[in-house]
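Working notes, structure below.
Order of the sequence lines fixes the chain letters, A, B, ..., with proteins taken first and strands second; residue numbering starts at 1 for each chain.
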Number of protein chains: 2
Amino acid sequence: MERSPHILIVDDDREIRALLSQFLGRHGCRVSVAKDGPEMFRTLEAARIDLIVLDLMLPGEDGLSLCRKIRADQRLPIIMLTAMGEETDRIIGLEMGADDYLAKPFNPRELLARIKAVLRRGHQPAEAERPEGARVLEFDGWRLDLARRSLHSPDGVQVQLSAGEYDLLLAFAERPQRVLTRDQLLDLARGRAATPFDRSIDVQVSRLRRKIEPDPKEPTVIKTVRSGGYIFTPDVARL
Amino acid sequence: MERSPHILIVDDDREIRALLSQFLGRHGCRVSVAKDGPEMFRTLEAARIDLIVLDLMLPGEDGLSLCRKIRADQRLPIIMLTAMGEETDRIIGLEMGADDYLAKPFNPRELLARIKAVLRRGHQPAEAERPEGARVLEFDGWRLDLARRSLHSPDGVQVQLSAGEYDLLLAFAERPQRVLTRDQLLDLARGRAATPFDRSIDVQVSRLRRKIEPDPKEPTVIKTVRSGGYIFTPDVARL
DNA sequence: CGCGCCCTGCAACAGCGCGTTACAAACCCC
DNA sequence: GGGGTTTGTAACGCGCTGTTGCAGGGCGCG
């Protein structure tokens, strides 16, 4: 890690802010602090933050809500601070999209360790930031143009895809040869969780097959894995 | 059918093994235990483990070393248990490639929470993982294509396998010339434990034989081992 | 060698996961 | 706000899969 990481501490307790700021500063981090959501967003605007340490309990909007808001428009590592208690695991198990969490009271050294671990784990290039990743994905002669969100068949004609079909196909093509559950697909392509008897992915897969399978009755590109999900079988070249 | 995660606990303290095994079992996990490295590797061979909880301090080879060995040939989520101490962060900061760690003593609920979090995070194919690993298994002229989940007979025609038949055949082909119990097969192919009078493997073997045995009346590929299980006899080449 | 127990193979059946279609709700672009 | 398009939901039918029961056969034991 050459450039020293810039950490943003979000906590309403002035003492904690001071303590962590000092401790992390002494260990090679640049540190900013914020006492609530608005202040946090102002800092995010102004600085290039590498990681946020976010308290769960905050005046006004709570940490969980802020966490989702941040994630909505950028992929930024977040470590949550939670009050120790019975609900800890429930919170985690639920949905907080944080990269890690830590129960108070904690040892600052442990926080530092987790910060390093999360940073080392590294930004999985999350969609938006991929200035020169693949612009086109090719499979079985098909070409999926990420810039234009368009699809061309092996013989060169453009196939019209709806927004949802494109998103779903992209989710598949970026993860070829892996079984993807309906939950994962729903998350990847729609950004939402499943409702109790959610069949929307099934239907959307069916519609997509109609457009890209040689024989939709006998799918070879997107195969069904019973009680598992679906798998995108072709090799994908990133151009 | 929701596939329940299979957790392997590696710790030399019998009491911890018992405690965790019981606790995780009560919370919807299937659990295996091992007291040291050799035992761990034996279990990894025999079962389809989803996540390892690995103690740092072990007799013989220590956890860190084991962790690296595991990572050398497969991507498998690992949570390390460390003795609380000043070195915690140093260890983390250093190189242990674990997905998470937990300092002893800890609350089992927290371990469960972290297990769920790591599993949910899902094997994000950690960069280096993809290229390796066999793409095709060949035996007796048959070809099992792992990417496409398809099977081709010696004369080249594709044989339709149901999802369950494929999973079962894969479990066999990855462990040729070893007697596999019904319990093991159920774990490997279905990710579940046996019910009291479970005969589903027998039936599925029968269905599979119908498709791949030259003479299903006289099986040569998948042989029955009376009161033992089944054994997959051909040599398997990994291409 | 014959009897009986237990293990296994397999047909028949039932439950349910999934593909598909039809339709309604939501969205979108003037 | 209205037409067309897209997306989610409900419903139906098919085929996969676990269960059950029975028949056949191995193996121990007398």
Using the test side-chain contact (heavy atoms from CB on, under 4.5 Å), find all partners of B:Gln160 that sit at least two apart in sequence or belong to another chain. A:Glu218, B:Gln158
ring-ring contact (aromatic ring centres under 6.0 Å, His included) partners for B:Phe23, two or more places apart: B:His27
Residues at least two apart in sequence or cross-chain that pass side-chain contact (heavy atoms from CB on, under 4.5 Å) with B:Arg149, listed by chain then number, are A:Val179, A:Val225, A:Ile231, B:Ala163, B:Tyr166, B:Asp167
Any residue of residues 171-179 of chain B with a heavy atom less than 4.0 Å from an atom of DNA chain C: none
Can you list every pair that meets salt bridge (charged side-chain N to carboxylate O under 4.0 Å, His left out) and has a residue in residues 5-19 of chain B, with sequence neighbours left out? B:Asp11-B:Lys104
Look at B:Tyr230 and C:dC7 and indicate whether a side-chain polar atom (N or O) is within less than 4.0 Å of OP1 or OP2. no
With sequence neighbours excluded, tell me which residues meet side-chain contact (heavy atoms from CB on, under 4.5 Å) with B:Ser162. B:Glu165
Kindly say if B:Thr195 contacts the phosphate of D:dG18, meaning a side-chain N or O under 4.0 Å from OP1 or OP2. no
Could you list all the salt bridge (charged side-chain N to carboxylate O under 4.0 Å, His left out) pairs where at least one residue sits in residues 177-189 of chain B, not counting sequence neighbours? B:Arg30-B:Asp187, B:Glu45-B:Arg178, B:Arg182-B:Asp202
For nucleotides 11-15 of chain D, list the nitrogen or oxygen atoms of the protein found under 3.5 Å from its nitrogen or oxygen atoms, one pair per line.
| unit_1 | atom_1 | unit_2 | atom_2 | d |
| --- | --- | --- | --- | --- |
| D:dG15 | N2 | A:Arg226 | NH2 | 2.9 |

What is the per-nucleotide protein-contact pattern of nucleotides 22-29 of chain C, from the 5' end, where B denotes a base atom under 4.0 Å from a protein heavy atom, S denotes such proximity for sugar-phosphate atoms only, and - denotes neither? --------
For B:Arg175, all residues meeting side chain to side chain donor-acceptor pair (under 3.5 Å), sequence neighbours excluded: none
Under 4.0 Å between a side-chain N/O of B:Ser206 and OP1 or OP2 of C:dC10, yes or no? yes
In whole angstroms, how far is the C1' atom of C:dA11 from the NZ atom of B:Lys217? 11 Å
End axis versus end axis in the helix from C:dC1-D:dG30 to C:dC30-D:dG1, the angle rounded to 10°, five pairs used at each terminus: 40°
Looking at residues at least two apart in the chain, or sitting in another chain, which of them share a side-chain contact (heavy atoms from CB on, under 4.5 Å) with B:Ser153? B:Trp142, B:Asp155, B:Val157, B:Val159
